[in-house]
Structures are given as structure tokens and as C-alpha cells.
There are 2 protein chains.
Amino acid sequence: MSVVQSVLTATRVLERLSEPGLVGVSEIARDLGAPKSSVQRMLLTLKEAGWAADVRGETTRWTLTPKMFRLGQHHHAGNGLRSTALPVMEQLRDATRETVHLVVQRDDTVVVVECLDSPQAVRAHVDPGDVLPLHASTNGRALLSTQPEQVLRDLISKGLTASTPSTVTDPAAFEDVIRRARERGFASGEGQFRDGVHAVAAPIVVGGVGIASIGVSTPAQRMTPELEEAFGQYVMDAARTIAGRFGEDL
Amino acid sequence: MSVVQSVLTATRVLERLSEPGLVGVSEIARDLGAPKSSVQRMLLTLKEAGWAADVRGETTRWTLTPKMFRLGQHHHAGNGLRSTALPVMEQLRDATRETVHLVVQRDDTVVVVECLDSPQAVRAHVDPGDVLPLHASTNGRALLSTQPEQVLRDLISKGLTASTPSTVTDPAAFEDVIRRARERGFASGEGQFRDGVHAVAAPIVVGGVGIASIGVSTPAQRMTPELEEAFGQYVMDAARTIAGRFGEDL
DNA sequence: CCCAAACGTACCATCCTGTGGAACGAGAGG
DNA sequence: CCTCTCGTTCCACAGGATGGTACGTTTGGG
């Protein structure tokens, strides 16, 4: 089995970098028993790829960027989480008799991980793998509501494109939407991404980080303020349950 | 700036793998615009290095191992956590007037991330970077108490080596120690790693995973059962505070 | 005060390693 | 039966990765 040597080296460097504290080129080289120049090149490469960052002081030290953390969380969210979430999603679907979906964030979008269809004839649906805009999907807003103000501002400054005539694109109005979601603990919206669909969603928060979101979608005509509130409680419960169970499998 | 090409490819493959769902060689190759054979070799390499795993069914699919998640957590714990923990550690030191330290786990050991010395003349001390055995340090036991039984059994089956005459090495006795720590919410021990040092420690649990441990070490002669109980409450409070604040920085 | 050692960085000839096209066997589907 | 796609293997070539070496600084011991 032939294997790419430099990648093996790269992984060893990454492992070393994951250790607490900042390290210099020479120290890594010593630990790995590799030539300094090779390690130096490796670090520059990893920096280029966005995995390592150099902290330039009197002497250059290296550390990992949050990329590893993000990718790890992201993967875990999409895979480990799916099996954890499924039973809860089934409960939620049976309780609401509406379509239930689970999404994770990817950059400025959300990716649908799983979708359980409502048993009713008229129902909302998205396919696993579908990509929705972060700002124009209820699940995306639920995720946004867990994130620092700065992230929100960055997103807004990129411009909020409309997916339907109802999509909220005004910065101030959008901030209100997110603020409301923070207060209630769940997000809600009608026709933001697709006309005629009303959704309610809550973020799944693990370790203070919103790693995924679970939501319920209904045809807009079936939705009432009372139902919205009730579904809100349901999705929050479901999100908490999933978050609680999640992470027990290392 | 010269850069290792293959590593750039590797990172692109890893990023693709972090997406939810399993993927095949061809799909990755298509997404990346790279030759199938290159991707295939890359995947074998990543498997060899422990980052990717192949799920062999009728058609081979690939996914990430938990390695990325673990390294990411580990790094975050050692760095992001340090700044989060410092103020809490200072409080804890001032409240107890004893040495306070923060450790993270690495395999079957714990690594000291930070140590704030007691203001008293006679005091315990460890240096940041010091490596202690998981089973013979109170912080290690605190971490162990958060982990599945299987991990505990694995550790015991490797044999518990004694660091001092007092180190608990008997499997049954050790299981009792961990069980006690689970019940109380913190671990306590005297002279397990160094004679004359009595420590109390609580795990910092984020998302169900014990990512670090915070402890108080005193010279054994200063310790009393009442103090142990009081310090236990202190470290648990500190651990909870840190866990709560942690993770808010993406 | 100077020398030695350790740091991060840069260069470059050599050689080895990664490349990617091509081909294979196996299934799936029409 | 043919075709398309899957994962997998092979190999000659070429170009990139290698690591010894050297340089400019900074530290700290003598």
C-alpha cells in the first residue's frame, strides 16, 4: 500500500500542534525527530491551508487555527448526531404530525442532514443534502441566534438576498428576528425560503456552541399562533434532549 | 513561499470528508476536480494516519474518524480554555489559599496547562507542561470519572503502576475510587502521585465530554475532612463556571 | 565583552515521491 | 449484451519535496 509520506508528516505536526501551549519550529522538529527545514515548510503549508497559525512575537510560535475544531464538530454533528437525533426526531414528528428536519451549518448556509416527512397529505419537504441560506431558513436563524453578535454583523454586511418575496432582507428587521429567536429560545418564520411553508426551529447547543438545528415545517395554512408556540416548545425540548444525549460517545 | 502540494490536497479531502454523510472515491474526486487515483491514494494515506475510515459495504464509502474531533477538542481545551479558566482559577486560589491547577488529558496521562501557586510558604507545585499518569493523579481521576466504563476497564487492564507507596493499584479499589468520584462530583486523593500532597479535583464537562480538570493541591498536613469537602464544592463550582463560559468563542 | 548555543529563516542540488492516465473486475441498468 | 460507473491497481515519468547547510539574531554564561 503506497502512501503519501508528506501527509503522514503533516498529521504528526498537527498532532503536536494540538497540544496545549504554543510551540516553535525547533521544538516540533525535536519532538518529531524531523529536520527543522522540513517542519518549517510543513508549517508554512499548513498555514496556507488554514490549519496552523503563526503567532509572531520576538520568536515565532505556532498553534492550530479553530479549523480543526470546526471541522471536527461539523463532522460529528452530521454523523454522530444523526443517529442520536433520529429517535427524537421520530417522536417529534409523531407529536406534531408535521415534517421534521435536522440541519448543520456550513459557512453561510445550512445543510439538511435528515428529513422525516409529515404523515399528512399536504406537507413540507426538503432532501438530505439540500443547502439553504443561513439567513433565509428558520433553522439557520436558530443557529445564528446562538452565535456572537460579530458573526451576525458579518453576515448582514454581506447582504441578505431574498429567496421569496417574504424573506426579511432589511438589516434592522433581521436583527430583530434574531433577537426574538434568542429571547424565545427558538426561531420561527413563514415563507422565508419557500412560499407557503411555515417553520419553527431550535438550535442544538453543545458546550455553548450551536452545532445543529432541529425544526418543524408545516404548510402555512395549517399554522396558528397557538401551534407556533406549542411547536416552539416541542422543538426546544427535542433540541435539549439531543444535546444532552450527544457527546456521550466521545 | 514554497508549500507541500500533497498536503493541500489532503486538507481538501479532509474538508470534504467532514461533510455529513458517507462518500465514495469518485464523488470526492468529482467534487475536488482531482483524479480518482490521487484521491484514492490520499484516502489510503489518511486511513493509515488514522484520520479517515473506510466503511466497506457493497461499495466502499469514507468518513472521518473521531480523531479530528478529539484533536480539535483537545487543542481548544488547552488554549481557548486557558484564558477562560484563568480568572476562575485566580478566584479559586484566593478562596482556598492553595495551589490551583488546570490539566487536560492526553492518552493515559494528563498534561498540566496552568498552575497558580498558593501564597503560603509551604505549597504544592507542578509546572505547566508536566505530564502525570491518569490513574495516579487526582485530576486524572476526575477526568476518568466522566468517561464510559469501557475506558476505565481498558486503563485498568493495562496495569496501574505506583508512583508512590500510597498509589492505589488494586483494580477493585481503583474502581471504588472512581465510583466515589462519580458520586461526589469531584475526586480526592492523598499522596497518589507525590508523597505529602493532597489534592481535590473536578472535571470540566462540556457537551457531556470531560475536556479538562481543575484541582486544588495542598500539603497533606494542612488537609482535613472538612476542608476536603469544602474544597470539593469549590472546585466543582469552578469547573461548572469554566464549562459554562467555555465555547462562547466559536 | 565575547563567544557559544539556540532560535527562526532561506537556499538549492539531489533524488525520491507523488502524479494521473490507463486498464481491470465487478455490479447495475437498460 | 452492451454500457456506464463503481472502487482498485499499476507504473513510467517529471517535478516537487527533501534536508544538509548557512545566515542573521538573540540569550546568557564565562
Side-chain angles (χ1 to χ4, degrees), chain A residues 1-65 75 79 127-129, chain B residues 1-65 75 79 127-129:
Chain A
M1 181 199 316
S2 108
V3 131
V4 186
Q5 297 302 329
S6 53
V7 172
L8 296 182
T9 315
T11 65
R12 295 179 63 211
V13 173
L14 284 175
E15 284 170 30
R16 181 62 189 79
L17 282 179
S18 79
E19 296 300 330
L22 305 178
V23 269
V25 178
S26 301
E27 184 173 354
I28 299 177
R30 234 180 294 111
D31 287 1
L32 268 54
K36 257 202 308 187
S37 50
S38 301
V39 172
Q40 166 93 349
R41 188 161 7 87
M42 196 76 260
L43 285 170
L44 287 175
T45 304
L46 290 173
K47 177 185 176 186
E48 172 91 8
W51 295 73
D54 49 351
V55 182
R56 298 191 165 271
E58 37 188 69
T59 173
T60 312
R61 325 252 76 183
W62 293 82
T63 185
L64 288 182
T65 62
H75 177 255
N79 289 272
D127 281 312
Chain B
M1 182 199 314
S2 105
V3 132
V4 186
Q5 297 304 328
S6 53
V7 173
L8 294 181
T9 316
T11 65
R12 296 179 63 211
V13 172
L14 284 175
E15 283 170 31
R16 181 61 188 81
L17 282 179
S18 80
E19 295 300 331
L22 305 178
V23 268
V25 178
S26 301
E27 185 172 353
I28 299 177
R30 235 180 292 114
D31 287 0
L32 269 53
K36 256 200 312 185
S37 51
S38 301
V39 172
Q40 167 89 345
R41 189 164 2 89
M42 197 75 263
L43 286 170
L44 288 175
T45 303
L46 291 173
K47 177 185 175 185
E48 172 92 8
W51 295 74
D54 49 350
V55 182
R56 298 190 166 272
E58 39 188 67
T59 174
T60 312
R61 327 253 75 184
W62 293 83
T63 184
L64 288 183
T65 61
H75 177 256
N79 290 271
D127 282 313

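So that the names make sense, note that chain A is the first sequence line, chain B the second, and so on, each numbered from 1.
Between the CE atom of B:Met42 and the P atom of C:dG20 there is a distance of 12 Å, rounded to whole Å. Counting to the nearest Å, the P atom of C:dG18 and the CG atom of B:Leu46 are 13 Å from each other. Atom CD of A:Gln5 is separated from atom P of D:dG19 by 10 Å (rounded to the nearest Å).
Residues meeting the side chain to side chain donor-acceptor pair (under 3.5 Å) test with A:Thr63, sequence neighbours left out: B:His75. Under the side chain to side chain contact (heavy atoms under 4.5 Å, CB included) criterion, A:Thr59 pairs with A:Arg61, not counting sequence neighbours.
Here the side chain of B:Val4 is nearest to one of C:dT19, D:dT18, D:dG19, namely D:dT18.
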Given protein heavy atoms under 4.0 Å, the one-letter contact record of nucleotides 25-30 of chain C, with B base, S sugar-phosphate only and - none, is simply ------
Strictly under 4.0 angstrom, non-hydrogen atoms only: write out the protein contact profile of nucleotides 4-11 of chain C, one letter per nucleotide from the 5' end, B, S or -. ---SBBB-
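Within the structure, every pair that satisfies the side-chain hydrogen bond (donor to acceptor under 3.5 Å, both in side chains) test and touches residues 28-40 of chain B, not counting sequence neighbours, is listed here: B:Arg16-B:Asp31.
From one end of the helix from C:dC3-D:dG28 to C:dG30-D:dC1 to the other, with five pairs defining each end axis, the axis direction shifts by 40° (rounded to 10°).
B:Thr45 places a side-chain N or O within 3.5 Å of a backbone atom of A:Val4 that can act as its donor or acceptor partner.
Between A:Ser38 and D:dG19 there is a side-chain polar atom (N or O) within less than 4.0 angstrom of OP1 or OP2.
Residues B:Thr60 and B:Val25 have side chains not in contact (no heavy-atom distance under 4.5 Å, counting atoms from C-beta outward).
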